[in-house]
Structure formats: structure tokens, C-alpha cells
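Reckoned from all heavy atoms, side chains included, excluding hydrogens, waters and symmetry mates. So that the names make sense, note that chain A is the first sequence line, chain B the second, and so on, each numbered from 1.
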There are 2 protein chains.
Amino acid sequence: MYDELFQKYQQIGGISNQAWTKVVSTMHVKSLDKAEIFLRPGDSSHTFALILDGVGRHYYVDDQGKEWTKSFAGPGDLLGAYAEMLQAQDSRTFIEAVSPMKVIQGGKRELDLMHTSEWDGLWRKLAEDHFIKKENREYEFLKFDALARYQSYMKYYQHLDHLVPRKFVASYLGITPQALSRITIKN
Amino acid sequence: MYDELFQKYQQIGGISNQAWTKVVSTMHVKSLDKAEIFLRPGDSSHTFALILDGVGRHYYVDDQGKEWTKSFAGPGDLLGAYAEMLQAQDSRTFIEAVSPMKVIQGGKRELDLMHTSEWDGLWRKLAEDHFIKKENREYEFLKFDALARYQSYMKYYQHLDHLVPRKFVASYLGITPQALSRITIKN
DNA sequence: ATGAGTCATTAACCTAGGTTCAGAATGTAC
DNA sequence: GTACATTCTGAACCTAGGTTAATGACTCAT
């Protein structure tokens with residue numbers, strides 16, 4: 001998985017093996033139990049990880065205690081409070097392991113190491129990809145009903161869905177588990 | 001306004017006066033009538049503009065002919081099919097003048113001129129800002145009802161609102177003009 | 001294996017917002 | 001200024017999805 005990880009980010013941002021290794025070598029592998037929380041509101045957003053195995057989930061909790069899932073993340077994906085990192089704020093989101101996970105974790109040290117021009121392209125690409133994904137989600141919230149959003153979820157996250165409880169899917173779609181049941185039985 | 005524009009992007013991305021002037025000097029001023037369309041689906045996403053005066057609107061049209069507003073843009077803001085530009089696709093969105101506008105327009109030539117490392121920081125910052133804005137909108141769609149979204153709109157776009165017809169506000173919130181009337185009368 | 005939580009589903013009822021239609025209030029063109 | 005078109009508001013009715021509550025089906029810890 002290490003090699004795949006390098007290849008993935010190499011391809012996205014044209015990082016040299018050297019620069020990559022320099023950063024990754026100081027990161028350490030961490031295992032997370034199912035339902036273990038990786039990051040919570042108030043934690044430093046400098047903490048991040050790359051997923052080797054398993055599925056993670058980024059979510060908010062509102063004042064009534066309801067959870068709203070922003071995104072899921074699988075092998076190769078970035079786990080972290082990305083928006084807060086960009087704004088130099090502490091995390092406002094929770095990140096938890098949906099299934100048992102294995103990740104390589106980094107922090108401020110590694111982020112600083114990536115503050116060279118060689119990494120600019122990668123970070124720009126990551127920002128752009130994040131933007132495109134969120135704009136697409138905006139589009140779906142504006143135009144799609146819950147069923148159409150569910151179908152889009154299934155398409156986008158098909159490789160992770162078998163590990164994701166339906167209540168999390170519902171919270172990602174912005175509906176209740178009951179509503180998700182209604183939708184998926186009928187259609 | 002020219003100076004303000006430079007100062008704004010100077011501050012965002014640390015562009016030198018020289019680099020800025022080199023790009024802007026080949027752009028030309030364009031006036032748009034109210035309701036005039038600046039860009040439509042199928043047009044090259046290389047066409048973009050910086051707003052000198054007036055208010056623009058980015059929107060989709062769905063298969064039933066309904067319009068869904070992605071964002072508004074005022075003086076100093078970027079007018080363009082940004083997501084499509086990033087993906088090297090033709091525009092999928094409409095952009096129109098909500099009020100009479102004055103802009104400085106650019107195209108592929110200027111985009112190419114900005115393909116130097118000096119511009120990387122600015123483009124990265126733009127991508128990040130776009131991402132943050134969209135993630136915030138995702139958050140509001142997940143957690144807020146129409147009234148709360150309206151209040152958020154009023155806060156964010158208060159400086160432009162006097163120029164924006166309410167039907168466009170409704171289409172930005174993802175509701176009908178009738179629903180917007182209901183909301184704003186009662187509250 | 002057993003009991004205590006979770007989780008998914010179903011059903012009955014409720015509500016925010018959609019739809020349709022109509023009238024009032026604006027704009028805009030001549 | 002008059003005429004026409006567009007926008008805004010309002011009311012009546014409808015529907016997608018929320019809320020509450022009940023019932024199995026699963027975990028999983030002991």
C-alpha cells in the first residue's frame with residue numbers, strides 16, 4: 001500500500017520520490033478500532049493521516065446532537081480537517097473510523113516539510129479536487145431529491161458502501177434512516 | 001477600481017505589480033446589459049472576467065428548465081466557469097449579469113500567462129477559498145432549513161442584495177419564490 | 001449462551017416546502 | 001404616460017421527508 005500511496009500522489013502532484021520519502025519517513029502507522037475517533041472539534045487541525053486500509057468518516061454534530069456526514073474516505077484518501085487546516089483553525093469536525101482502519105499519521109512537522117514549492121502543485125490540485133467535489137454536492141442538493149442523491153452516493157462510494165452502516169449513508173444524504181428505508185425499498 | 005483589483009489579488013496571492021500588469025494589459029473592458037448572458041453551456045471555460053462594477057450570477061438550468069443559482073459575484077470577484085476550467089471542459093453553467101455590469105474580460109491567452117510559478121500561490125488560494133465556500137454551503141444544506149439559509153445569504157451577500165431580484169435569491173436557496181415570500185413575511 | 005445495547009425497518013401522523021392559480025405590484029418599451 | 005411583461009405575494013391544496021414509536025435483527029461483552 002505504501003507504494004500505491006506514493007504512486008497516487010506522485011500522479012496527482014508530481015512529487016519526487018525523495019521529497020515524498022522525506023515526509024512519509026517521519027509519519028507513523030496507527031491502527032484504529034471501529035468507531036474510534038481520530039479527530040474531534042477543538043483538536044489541532046494539523047493532525048492528519050493517509051489511509052492504508054479501512055473506511056473513515058468526516059462529520060459535524062449540531063446543537064441537537066445530530067450527526068451530519070460530510071464525506072467518507074477509503075484507502076489512499078486523506079483523513080483530516082482540511083478546511084480548518086487551510087484557515088489555521090482548530091478542527092470543527094469529527095473524524096472517526098467506520099470500520100477498523102490502518103493509517104499513517106502525520107502532524108505539524110510533516111505539514112511544514114510540505115511547505116516547499118515542490119509541493120505547491122499537489123496542494124493546489126488537492127484544493128481543486130476538494131472544490132469540485134463540493135460543488136458537485138451543492139448541485140445535487142439544489143437539484144436532486146433524496147433518491148437521486150442516494151443513487152449518486154452509490155455510484156461514487158460503491159467501493160466503500162459494504163462497510164458503511166445505512167444510518168451514516170442517511171446522514172450523508174441529509175435525511176433520516178427511516179427516509180432512507182422508504183426510498184430504497186420502493187426503488 | 002483597477003488599483004483595488006490589483007491590491008485585492010496582490011494580497012491574496014502575492015503577485016508582483018509586473019506580473020499582474022502583464023496579464024491585465026491584454027484584457028479588455030466589457031459592458032454587459034442587465035440580463036445579458038456572459039457565458040453559456042458549451043462555451044469555452046477559458047473565458048473569464050474580473051468584475052469592476054455590478055452583480056453577476058452563476059447558475060445551472062435543469063431538464064425542466066428550472067434555474068439553480070450557484071453563486072453571486074460582485075466587484076472584485078471572478079466571473080467564470082471555474083470548476084470546468086479546472087477540469088479542462090467546456091462550461092456547463094450559465095453566467096449572466098444581474099444588473100448592468102462592467103468587467104475586464106480575459107481568455108486563454110491570459111490563463112496561459114498565469115501558468116507560471118509566481119501565480120501558483122494565488123491559484124491555490126483561490127481553489128482553497130472556493131472549496132471553503134462550497135463546504136460551508138454543504139453544511140447549510142445539511143443542517144439548515146430555508147429560513148436559516150436565507151439569513152446566511154443575507155449576511156454573506158448583504159452588499160449585493162439590493163441588486164438581486166428575489167426569485168434569484170430563492171433559486172440560490174433551493175426553494176421557490178413563493179416559499180421565499182412565506183419565509184420573509186413571517187420572520 | 002444470554003442479556004443489553006445498537007441498527008434497520010415499518011407504520012401513523014405531522015410539517016416544510018412544492019404546485020397551481022390568481023391578483024397586485026412593479027418594471028420596461030414605446 | 002400607457003401598455004405589456006415580469007416579478008412578487010397570497011391562498012389552497014399536495015407531497016417528500018421528519019417525528020415518534022414499535023418490532024425484529026444484529027452485535028458484542030460477559
Undergrad: Between B:F168 and B:F72, is the ring centroid distance below 6.0 Å?
TA: no

Undergrad: Nearest to the side chain of A:S181, which nucleotide is it out of D:dC8, C:dA8, D:dG18?
TA: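 Among the listed nucleotides, the one closest to the side chain of A:S181 is C:dA8.
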
Undergrad: Is it true that B:T184 and B:R166 share a donor-acceptor pair across their side chains at a distance under 3.5 Å?
TA: yes

Undergrad: Given atom CG of B:L173 and atom P of D:dC8, what is their separation to the nearest angstrom?
TA: 13 Å

Undergrad: Let's see if you can work this out: which of D:dG17, C:dT19, C:dG17 has an atom nearest to the side-chain heavy atoms of B:A146?
TA: C:dG17

Undergrad: What integer distance in Å separates A:K167:NZ from D:dT27:C1'?
TA: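 Distance check: A:K167 NZ to D:dT27 C1' gives 12 Å.
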
Undergrad: What does the list of N/O pairs under 3.5 Å between the protein and nucleotides 23-29 of chain C look like, with a distance for each?
TA:
{"residue": "C:dT28", "atom": "OP1", "partner": "B:K34", "partner atom": "NZ", "Å": "3.0"}

Undergrad: Could you check B:R57, B:R40, B:E84 and say which one makes a side-chain contact (heavy atoms from CB on, under 4.5 Å) with B:T93?
TA: B:E84

Undergrad: When rounded to the nearest 0.5 angstrom, what distance separates NE2 in B:H115 from CG in B:D120?
TA: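 The distance works out to 8.0 Å.
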
Undergrad: Whole angstroms only, please: what is the CG-P distance between B:L180 and D:dT7?
TA: 14 Å

Undergrad: Tell me: CZ of B:R166 to P of D:dT7, nearest whole Å?
TA: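 The answer, rounded to whole Å, is 14 Å.
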
Undergrad: Take the protein atom CZ of A:F144 and the nucleotide atom P of D:dA16, then report the distance between them rounded to whole Å.
TA: 17 Å

Undergrad: Any donor-acceptor pair under 3.5 Å linking the side-chain atoms of A:E110 with those of A:T26?
TA: yes

Undergrad: Would you say D:dG17 has OP1 or OP2 under 4.0 Å from some side-chain N or O of A:T176?
TA: no

Undergrad: Please confirm whether the ring centroid of B:F131 lies under 6.0 Å from the ring centroid of A:Y82.
TA: yes

Undergrad: Salt-bridge test for A:K70 and B:E135: reply yes if a basic N is under 4.0 Å from a carboxylate O, no otherwise.
TA: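 So A:K70 pairs with B:E135 through a salt bridge.
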
Undergrad: Please report, rounded to the nearest Å, how far the P atom of D:dG17 is from the CZ atom of B:F141.
TA: 15 Å

Undergrad: How many Å lie between CG on A:D33 and C1' on D:dC28, as a whole number?
TA: 13 Å

Undergrad: Measure CD1/A:I183 against C1'/C:dT9 and give the value in whole Å, please.
TA: 14 Å

Undergrad: Apply the side-chain contact (heavy atoms from CB on, under 4.5 Å) test between A:Q105 and each candidate in A:L50, A:T47, A:L32; give the one that qualifies.
TA: A:T47

Undergrad: Any salt bridge between B:K125 and B:D129, counting N to O under 4.0 Å?
TA: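 The answer is yes: the pair qualifies as a salt bridge.
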
Undergrad: So which protein N/O to nucleotides 20-23 of chain D N/O distances come out below 3.5 Å?
TA:
{"residue": "D:dT20", "atom": "O4", "partner": "A:Q178", "partner atom": "NE2", "Å": "3.0"}

